[in-house]
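All remarks here apply to the structure that follows.
We number each residue from 1, following the sequence as shown. Keep in mind it's a predicted model, so treat the numbers as computed, not measured.
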Amino acid sequence: MIDEEVAVKEWVTMKEKQPMKLRHEYKFSINEADDYIVSNRLRKLFKQDEFADEFGNYRVSSLYFDTPNDKALRQKLDGVSEREKFRIRYYNDDLSFIRLEKKIKKAHLNAKFNTMLSKDDVEKIIKGDIDFLLHSKDALKIELYSKMRGQLLKPISIVTYEREAFQYIPGNVRITVDRNVRTTLSPKHFLDVDAVHMDVERDFTIFEVKYDNFLPEIVKLAVQIPDRQAHENSKYALSRRFD
């Protein structure tokens, strides 16, 4: 039997050894007309994601975690510059490839850590049966265990949407266009690919630009939208409107 204190100390040691690569991230909310214009421009200039369907899209399904006092949500709404969030994510209804992710934000800089989970792992986490995380020898899983025990972090909200993604190798640029953002009423439906969803917001598209140290000029020009300014936006926060 693994001693919890020893396991958490091992997690701290492993965490300190993990390099944290910070990337720039800017988000816009754009209307349908802007979406049509900029998306058509991007399709002519950049390569689309290799996992997209024949229309250039793929589905993203995420399960977000928060504390009983909504720490992640409150920090987001209050504009706290340094914060973190945990989520579990899969793509295109494929339950054979599921990832646990931790995202760290420092102003407009972000870092992300991830590790794989099985469908059975996710079912256990949703039920609160999390001892296996402590036995995993995986730094991120042990951190999730520690915070689910210590901060009472728990799965709280599902967010699903269609994404069109583009990439430009110089600067490691990734541009994403997220449409049809929706949610379901309970975390227990996360693995049900046929679960009924409610629209979160149909009036706008969430447009994101992510890059490393510099943004190439061709991308700057391609993503320009007149009279639109980058501002904080959160699909997770939008999904909590139905609480």
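- The line from OH of Tyr168 to CG of Leu215 is 10.5 Å long, rounded to the nearest 0.5 Å.
- Of all heavy-atom pairs spanning Pro187 and Pro155, the tightest one is CG-O, 3.5 Å.
- Lys112 NZ to Ile104 CD1: the interatomic distance, rounded to the nearest 0.5 Å, is 12.5 Å.
- Between the side chains of Ser96 and Asp94, a donor-acceptor pair is found at a separation under 3.5 Å.
- Between the side chains of Ser62 and Arg89, at least one donor N or O lies within less than 3.5 Å of an accepting N or O.
- Ion pairing of Arg182 with Glu162 is present here, as a side-chain N (NZ or NE/NH1/NH2) and a carboxylate O approach within less than 4.0 Å.
- Figure legend: Lys210 and Tyr26 shown without cation-pi pairing, the cationic atom not lying both under 6.0 angstrom from the six-membered ring centre and within 45 degrees of its axis.
- Around atom CD of Glu32, no more than 12 heavy atoms belonging to other residues, nucleotides or ligands sit under 6.0 Å away.
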Inset, instruction - Mind running salt bridge (charged side-chain N to carboxylate O under 4.0 Å, His left out) on Asp53 and Arg59 for me, showing each step along the way? - result: CA-CA 10 Å; Asp53 61 20; Arg59 178 182 289 187; over 6 Å; no
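- When atom types are taken as modelled, the side chain of Ser39 and the backbone of Asp35 share a donor-acceptor pair closer than 3.5 angstrom.
- Between the Thr183 side chain and the Ile158 main chain, a donor and an acceptor come within less than 3.5 Å of each other.
- Rounding to the nearest 0.5 Å gives a distance of 9.0 Å between CD of Glu123 and CG of Leu95.
- Salt-bridge annotation for Asp212 and Arg23: present, with a side-chain N of the basic residue lying under 4.0 Å from a carboxylate O of the acidic one.
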Inset, instruction - Apply side-chain contact (heavy atoms from CB on, under 4.5 Å) to the pair Asp199 and Val181, showing each step before the final yes or no. - result: CA-CA 6 Å; Asp199 290 337; Val181 182; over 6 Å; no
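- The pair Lys154-Asp66 does not meet the salt-bridge criterion, since no charged nitrogen lies less than 4.0 angstrom from a carboxylate oxygen.
- A 4.5 Å side-chain heavy-atom check between Glu101 and Ile88 finds every atom pair outside the cut-off.
- Expressed to the nearest 0.5 Å, how far CG of Asn180 lies from CZ of Arg163 amounts to 13.5 Å.
- Although no hydrogens or angles enter the test, the distance criterion places no donor-acceptor pair under 3.5 Å between the side chain of Asp70 and the main chain of Leu73.
- Across Ile130, Ile125, Leu134, a single residue satisfies side-chain contact (heavy atoms from CB on, under 4.5 Å) together with Leu144, and that is Ile125.
- Atom CG of Asn69 has more than 12 neighbouring heavy atoms from other residues, nucleotides or ligands inside a 6.0 Å radius.
- Remark: aromatic rings of Phe46 and Phe166 are distant, center separation not under 6.0 Å.
- Between Glu164 and Arg43 a salt bridge is recorded (basic side-chain N to carboxylate O distance below 4.0 Å).
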Inset, instruction - List the steps and the verdict of side-chain contact (heavy atoms from CB on, under 4.5 Å) for Arg240 and Ile156. - result: CA-CA 9 Å; Arg240 295 295 307 277; Ile156 199 162; 3.9 Å; yes
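- Remark: Ile142 CD1 to Leu140 CG distance equals 10.0 Å, nearest 0.5 Å.
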Inset, instruction - Give the C-alpha distance, both sets of side-chain angles, the deciding distance and a yes or no for salt bridge (charged side-chain N to carboxylate O under 4.0 Å, His left out) between Asp49 and Arg174. - result: CA-CA 9 Å; Asp49 194 290; Arg174 184 170 173 80; 3.2 Å; yes
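- Side-chain atoms of Arg41 and Tyr36 form no donor-acceptor pair, as typed in the model, at a separation below 3.5 Å.
- For the pair Glu143 and Lys147, the salt-bridge criterion is met [side-chain N within less than 4.0 Å of a carboxylate O].
- Judged purely by atom type and a 3.5 angstrom limit, Asp121 uses its side chain to pair as donor or acceptor with the backbone of Ser118.
- The pair Glu84-Lys105 fails the salt-bridge criterion, with no side-chain N (NZ, NE, NH1 or NH2) lying under 4.0 Å from an Asp/Glu carboxylate O.
- With rounding to the nearest 0.5 angstrom, the CG atom of Asp192 is 9.5 Å from the CG atom of Asp93.
- Remark: Lys27 does not engage Asp178 in a salt bridge, criterion side-chain N to carboxylate O under 4.0 Å.
- For the residue pair Thr184/His189, the side-chain donor-acceptor check at 3.5 Å is not satisfied.
- Side-chain atoms of Asp78 never come within 3.5 Å of backbone atoms of Val80 as a donor-acceptor pair (strictly under, hydrogens ignored).
- Residues Leu45 and Ile37 are members of separate hydrophobic clusters, defined by side-chain heavy-atom contacts under 4.5 angstrom among Ile, Leu, Val, Met, Phe, Trp and Tyr.
- Here the shortest heavy-atom pairing between Phe214 and Pro170 reads CZ-C, 4.1 Å.
- Cluster membership check: Phe132 shares its hydrophobic cluster with Met148, using side-chain heavy-atom separations under 4.5 Å among Ile, Leu, Val, Met, Phe, Trp and Tyr.
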Inset, instruction - May I have the step-by-step check of side-chain contact (heavy atoms from CB on, under 4.5 Å) for Asn172 and Lys21, ending in yes or no? - result: CA-CA 12 Å; Asn172 191 23; Lys21 182 180 180 181; 4.0 Å; yes
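- Residues Ile126 and Lys188 come closest through the heavy atom pair CG2-CA, 4.0 Å.
- Residues Phe207 and Val209 approach most closely at CE2-CG2, 4.1 Å, considering heavy atoms.
- Listed by chain and number, the residues in a side-chain contact (heavy atoms from CB on, under 4.5 Å) with Lys103 are Glu25, Lys85, Arg87, Asn110 (sequence neighbours excluded).
- For Phe190 and Tyr90, the distance between ring centers is under 6.0 angstrom.
- Nearest heavy atoms, Tyr58 versus Ala52: CD2-CA, 4.2 Å.
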Inset, instruction - Evaluate the side-chain contact (heavy atoms from CB on, under 4.5 Å) criterion for residues Thr67 and Leu152: first the C-alpha distance (whole Å), next the side-chain angles of each, then the deciding distance (0.1 Å), finally the verdict. - result: CA-CA 6 Å; Thr67 65; Leu152 302 182; 5.8 Å; no
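- Of the possible donor and acceptor atoms, none in the side chain of His108 sits under 3.5 Å from a partner among the backbone N and O of Lys106.
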